[in-house]
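One-based numbering, in listed order, for ligands and for the atoms of each.
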Amino acid sequence: MSNKEIARKFNLLGKVMELHDENPFKIRSYTSAYASLRKVSSPLIEMSEDELSEIKGVGKAIVGKIIELRDTGNMSTLQRYIDMTPAGILEMLLIRGFGPKKVKTMWNQLNITTPGELLLACQENRLVELKGFGMKTQKALEQQLEFYFASRGQVHYAYVIDDANSLLTLLQDRFPQELTELTGEIRRMMPIVNAIEILTTAQEEEMEAYIMELAEETLDSLSYHGFAVEITQVEEEYFGMEQFEKSASKEFLAAADIEYEAYDEEESIFVEWDLAYVEPEYRESAKAYDQSKSGTLPNLITNEDMLGAVHNHSTYSDGLHTLKEMSDYTRDNGFQYLVMSDHSKAAFYADGLKEDQVEAQWTEIDQINASYEDGFRVYKGIEADILNDGSMDYGDDFLSQFEVVVASIHSQLNMDMEKANRRLIKAIENPHTHILGHMTGRLLLSRAGYPIDHELIIDACAANGMIIELNANPQRLDMDWTMIPRALDKGVMISINPDAHVRESIHYMQYGVNVARKAGLTKEQCLNSKNASDFAKWVASLS
Ligand SMILES: [Zn+2]
Ligand SMILES: [Zn+2]
């Protein structure tokens, strides 16, 4: 065990003790032990008790712990605190910029226990009003967390795509005579990406050297802005073939069963084998291959098909922008309608709306709608909490007055599958609910979400005319895209919802569109692809 490793254990001990409100003097002694131990030049592990005691800032208790480490490889005091602390909290303590004070506040006041939950809390503005935080800290934390996810080796597509594209441009400019494209998971628009994969005809060593040069610091492994980079070099006449092989699921490739031959362009493979071109993100299943062969590929949904934004928050609950700012922004960005759905009264952590606040919001919505002369419309929706027993937190009479009701679970997420199914189905069967919000509560790379029987839930939605949300927050992407085909088979419509807590987040919809394309969603099967008048008809049909 190196001196640095030993020192780090004392640092961690100081931090976890602070987290658990221990004696500040003890905490300080461990923190200063960290500072002095890491500077010692001879190996601590070989020093005698007397020699250890002579180190400045190292008292008896610390010497004892170093001896314990030497003899057992363990520090029992530290272990005890580790056992008392959720794993995700410990993880957060180790992220740069996260002191125990901050982590403790988030844990105690917001009940956040993983980095992913914290990232969501930043996106949903929960930190703005927290003592010692504020807008600036929230922004900084959000960035550190995105970087943290990247450094862990896996990252959400949304956080890497811009850097992947900018790296691609740099490489194409630097190697103008060569073919260079993105490939692999990014090209397939997978929700989680392991590396920026590059396919090129350029010399691999030269490209690597150039990427190293871009970094302006020595890298342990090939990366760009913290994201791992993988380069595959290929001969020009095989470029198309290699791109084809790297841009599809195993299932699709097995169904296609195309021999590895020289194709410089991917399109030529489709032409030669008499197949309709399949977008890389849709090359997921044997079915996709069959459709390509029989000329029955679906017209995959596009960003241009997103005509309205459903499921959004304003300052009435936990959004950052006012109702007017939300609606103006959505309208200015070319959408035809906005469904507001602030949190309902049970969501106390998110300033959920009591009945009288809802009525005030309705009055304001009427005023805003009257002020628009182009037909843009704000709808009176709510994100109603599904309570522990599956009932909703407003009475039936009140709930029935909303134009659109998104029903979501936000509390008591620890459930077994049977309980979760029962809770959801009761909400689905409620005649006043219309859209099932973030079906499992999962956070990609962070929280598994409660277990559900997807087929059972989808069938219940089909039986009750319930629409299922594809929550487009890149951390959620919930329901999972692999479940969408089942919904489509059963005739259940999907709504690609931004769940925006900041007006700019309505653009999250693009990440929902990406994964919906993987699943073969068309605009006919998507609620918010309806134009203004069809959407109005749908709303009218609900009451
Ligand atoms: Zn929600
Ligand atoms: Zn929401």
Kindly list each side-chain donor-acceptor pair under 3.5 angstrom involving residues 181-190, sequence neighbours excluded, with atom names and distances?
unit_1, atom_1, unit_2, atom_2, d
Glu181, OE1, Gln243, NE2, 2.8
Thr183, OG1, Gln243, OE1, 2.6
Glu185, OE1, Asn194, N, 2.8
Glu185, OE1, Asn194, ND2, 3.4
Glu185, OE2, Asn194, ND2, 2.9
Arg187, NH1, Ser247, OG, 2.7
Arg187, NH1, Glu266, OE2, 3.0
Arg187, NH2, Glu266, OE1, 2.8
Arg188, NE, Glu284, OE2, 3.4
Arg188, NH2, Glu284, OE1, 3.2
Arg188, NH2, Glu284, OE2, 3.0

In the protein, N/O/S atoms that are found under 2.8 Å from the Zn ion (ligand 2), waters not counted: His311 NE2, His313 NE2, Glu383 OE1, Asp499 OD1
Taking only residues two or more places apart in sequence or in another chain, which ones pass salt bridge (Lys or Arg N to Asp or Glu O under 4.0 Å) with Asp318? Arg126
If you look only at pairs with a residue in residues 412-432, which of them pass as a side-chain hydrogen bond (donor to acceptor under 3.5 Å, both in side chains), with sequence neighbours excluded? Asn388-Lys419
Do the side chains of Glu403 and Arg377 get close enough for a salt bridge, i.e. N-O under 4.0 angstrom? yes
State the CD-CG distance between Gln138 and Leu127, to the nearest 0.5 angstrom. 5.5 Å
In Å and rounded to the nearest 0.5 Å, what is the CG to CG distance from Leu307 to Asp305? 7.0 Å
